[in-house]
Amino acid sequence: MIPLQRLRENRESIEQAIARKGEDAPIDEILSLDVEARKARAAVEQLKAEHNQATSAMHGVPSPEDRAAMASRKQKIKEQEAAMEALDAKIQDLLLYVPNPPHESVPTGKDENDNVTVRTWGTLPNVPYALRPHYDIGEQLGLFDFERGAKISGSRFTVLRGMGSRLERALIAFMLDIATTEHGYEEVSPPYLVRRECMVGTGNLPKFDEDAFHADNDLFLIPTAEVPVTNLYREEVLQEAQLPLALVAYSACFRKEAGAAGKDTKGFLRLHQFDKVEMVRFVHPDTSLDELELLVGHAETVLQRLGLPYRVLLMCSGDTGFAQWKKYDIEVWAPGLGRWLEVSSCSVFGDFQARRANIRFRPKDSGKLQYVHTLNGSGLAIPRTLVALVEHYQREDGSVAIPDALQPYMGGRTEIAR
RNA sequence: GGAGCGAUCGCCUAGUCUGGUCGAGGGCGCCGCACUGGAAAUGCGGUAUACGGGGCAACUCGUAUCGAGGGUUCGAAUCCCUCUCGCUCCGCCA
């Protein structure tokens with residue numbers, strides 16, 4: 001959330017930055033309501049000050065005249081306060097729809113075609129036989145059961161079986177171990193249902209209501225562990241010494257994939273429910289852009305250990321999401337499909353989420369509370385990692401080799417074969 | 001789902017019965033100063049946040065906040081109602 005004061009003072013630059021994202025925001029409306037609201041506030045506070053003064057001067061039982069004066073002033077306060085509160089509520093609501101302006105270092109662009117490849121890693125497989133897509137290999141090896149997934153839950157739900165399930169479990173444990181033992185993250189197991197405030201805190205609501213699954217009791221199925229984990233410290237004050245605070249969580253993720261009708265309907269690519277290991281960092285504002293580079297590196301480590309070629313893209317302004325300040329995507333090469341697959345999205349939010357969720361810290365030197373900066377990144381999305389792994393390590397006979405680093409997590413297996 | 005108890009300023013706690021002198025006392029922690037060769041201990045002082053107004057600023061004025069919201073009252077941490085969360089017991093349940 002953009003603070004109202006910043007909006008008042010830097011209106012033009014904020015409008016320009018938001019325009020780079022290709023979004024618009026009700027800034028005119030907010031600022032004109034703000035003028036009214038401040039007038040109303042001055043009037044209410046003036047009346048209240050008079051009332052407080054009169055009250056504290058009074059000690060015994062009030063006279064009838066005093067009572068009458070008090071009563072009429074109270075009535076006035078009530079009316080004007082209601083007007084002021086209505087204005088404030090409207091402003092707060094509109095502010096939740098204002099996107100985070102992108103950082104200066106984000107290249108201007110419209111869509112994914114304008115994203116910038118900052119580096120690539122690994123070499124694409126070069127084999128004398130045709131590489132098949134994962135759904136073909138998986139069918140032979142009994143890794144997926146697409147038909148029954150659809151039968152029990154509908155399209156975009158898949159059942160993993162046998163070595164497919166085992167591979168999923170291995171990848172989760174493998175990723176969590178790297179994050180916790182090498183990169184200093186604390187592992188957390190969050191709830192998969194969260195309250196509305198949490199969804200607002202991370203920026204998933206109110207604007208993107210149609211993307212989320214709603215449960216009873218005003219609870220929402222989490223679209224990513226980012227939501228419960230970032231909100232762990234909502235309404236809290238951290239100590240500066242606690243920063244950077246790094247948490248990693250495995251969770252299932254639930255997304256309606258609204259607006260993706262007909263896209264990636266074949267295979268294990270775009271699902272209503274999928275598994276992901278997510279890294280979340282709460283950091284000092286001065287370090288957040290460096291922290292983003294660190295975070296991307298953590299995600300890359302996983303792919304490097306698995307020996308899967310990938311590229312890192314800096315998202316252009318048009319592909320930088322509503323809440324994000326700056327974002328990198330990591331795409332892994334899926335040789336059977338012959339395309340790059342997004343397996344990680346690493347973002348820094350500045351204080352945008354921290355303001356929404358009210359997550360602050362107490363600096364060592366000054367006593368003045370400040371908002372932390374938040375970051376998160378996939379480390380990694382499981383299904384697409386599994387897809388790339390199966391396609392990358394497939395052999396001519398239809399078996400799939402297990403990369404060395406993953407073998408301990410697969411009970412020592414070196415391959416998946418029929 | 002039922003019954004009872006509880007929620008106070010980073011942490012612990014006083015205050016609630018008996019409404020005003022309570023934005024709120026004490027301890028711990030933290031910060032500054034003194035003492036010290038340095039430290040510990042000790043002493044003194046300081047130590048919430050948000051918003052609005054005034055000042056370049058240090059600062060200052062106002063409003064609000066004792067889990068949240070509503071009510072009673074001239075006046076609420078304190079009385080009443082609703083909700084949330086926590087704990088204990090009962091029921092149900094993997």
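Reminder, nothing fancy here: chain letters follow the sequence lines and each chain counts from 1.
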K.L.:
Between P on B:A50 and OH on A:Y371, what's the gap in Å once rounded to a whole number?
P.N.:
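Rounded to the whole Å, the gap is 7 Å.
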K.L.:
Quick one: on RNA chain B, does A:Q5 or A:Q46 contact a more 5' nucleotide (nearest heavy atom)?
P.N.:
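Here A:Q5 is the residue nearer the 5' end.
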K.L.:
Measure from the side-chain heavy atoms of A:R38 and tell me the nearest of B:G53, B:C85, B:A64.
P.N.:
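Within the option list, the nearest is B:G53.
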K.L.:
Write down the distance separating the C1' atoms in B:G23 and B:U65, rounded off to the nearest Å.
P.N.:
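Nearest-Å result for B:G23 against B:U65 at atom C1': 9 Å.
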K.L.:
Could you state the CZ-C1' distance from A:R234 to B:G67, rounded to the nearest angstrom?
P.N.:
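Rounded to whole Å, this separation is 14 Å.
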K.L.:
Classify the nucleic acid contact of A:A42 as base, sugar-phosphate or nothing, counting any heavy atom under 4.0 Å across all strands shown.
P.N.:
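Result for A:A42 = nothing.
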K.L.:
Measure from the side-chain heavy atoms of A:R360 and tell me the nearest of B:G75, B:A64, B:U49.
P.N.:
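Taking heavy atoms from C-beta onward, the closest nucleotide is B:U49.
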K.L.:
Let's see if you can work this out: which of B:G75, B:C51, B:U63 has an atom nearest to the side-chain heavy atoms of A:R41?
P.N.:
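Of the options given, the side chain of A:R41 lies nearest B:C51.
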K.L.:
Taking the six-membered ring for Trp, are A:F282 and A:Y233 ring centroids under 6.0 Å apart?
P.N.:
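For A:F282 and A:Y233, the ring centres are under 6.0 Å apart.
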K.L.:
I want to check a possible cation-pi pair here: A:K266 against A:Y135, using under 6.0 Å from ring centre and within 45° of the ring axis as the test.
P.N.:
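Yes, A:K266 lies over the aromatic ring of A:Y135.
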K.L.:
Heavy atoms under 4.0 Å, any strand shown: does A:R8 hit a base, just sugar-phosphate, or nothing?
P.N.:
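If one applies the 4.0 Å heavy-atom cut-off, A:R8 turns out to touch the sugar-phosphate alone, with no base involved.
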K.L.:
Using the side chain to side chain contact (heavy atoms under 4.5 Å, CB included) rule, pick out the option among A:V372, A:L243, A:L375, A:L292 that qualifies with A:R281.
P.N.:
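Running side chain to side chain contact (heavy atoms under 4.5 Å, CB included) over A:V372, A:L243, A:L375, A:L292 with A:R281 returns exactly one hit, A:L375.
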K.L.:
Which whole-number value in Å describes the distance from A:E197 CD to B:G69 P?
P.N.:
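Going from A:E197 (CD) to B:G69 (P), I get 13 Å.
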K.L.:
If we ignore angles and hydrogens, is there a donor and acceptor under 3.5 Å between the side chains of A:S399 and A:R395?
P.N.:
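On atom types as modelled, these side chains qualify, holding a pair under 3.5 Å.
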K.L.:
A:E45 has an atom CD; how far is it from atom C1' of B:U63, in whole Å?
P.N.:
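Nearest whole value for this atom pair: 4 Å.
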K.L.:
Between B:A48 atom P and A:Q370 atom CD, what is the distance in whole Å?
P.N.:
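To the nearest whole Å, that distance equals 17 Å.
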K.L.:
Work out how far the C1' atom of B:C90 is from that of B:C83, and round it to whole angstrom.
P.N.:
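Result for the C1' pair: 23 Å, nearest Å.
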K.L.:
Between B:U73 atom P and A:R73 atom CZ, what is the distance in whole Å?
P.N.:
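Taking CZ of A:R73 and P of B:U73, I get 16 Å after rounding.
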K.L.:
Using whole Å, what does the distance between atom P of nucleotide B:A50 and atom CG of A:D88 come to?
P.N.:
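One finds 17 Å between P of B:A50 and CG of A:D88, rounded.
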K.L.:
In whole angstroms, how far is the C1' atom of B:C61 from the CD atom of A:E50?
P.N.:
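Rounded to the whole Å, the gap is 15 Å.
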K.L.:
So what does A:R195 hit on the nucleic acid, given a heavy-atom distance under 4.0 Å: a base, only sugar-phosphate, or nothing?
P.N.:
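Contact class for A:R195: sugar-phosphate only.
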K.L.:
Report yes if at least one side-chain N or O of A:H51 is closer than 4.0 Å to OP1 or OP2 of B:G75; otherwise report no.
P.N.:
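The answer is yes; a side-chain N or O of A:H51 sits under 4.0 Å from OP1 or OP2.
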K.L.:
Could you work out which one of B:C74, B:G52, B:G62 sits closest to the side chain of A:T55?
P.N.:
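For A:T55, the side-chain atoms sit closest to B:C74.
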K.L.:
Got a sec: does the CG of A:D93 have more than 12 other heavy atoms crowding it under 6.0 Å?
P.N.:
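It does: A:D93 CG has more than 12 such atoms within range.
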K.L.:
Give a yes/no answer on whether the side chain of A:K74 brings an N or O atom under 4.0 Å of OP1 or OP2 in B:G75.
P.N.:
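For A:K74, the contact criterion (side-chain N or O under 4.0 Å from OP1 or OP2 of B:G75) is met.
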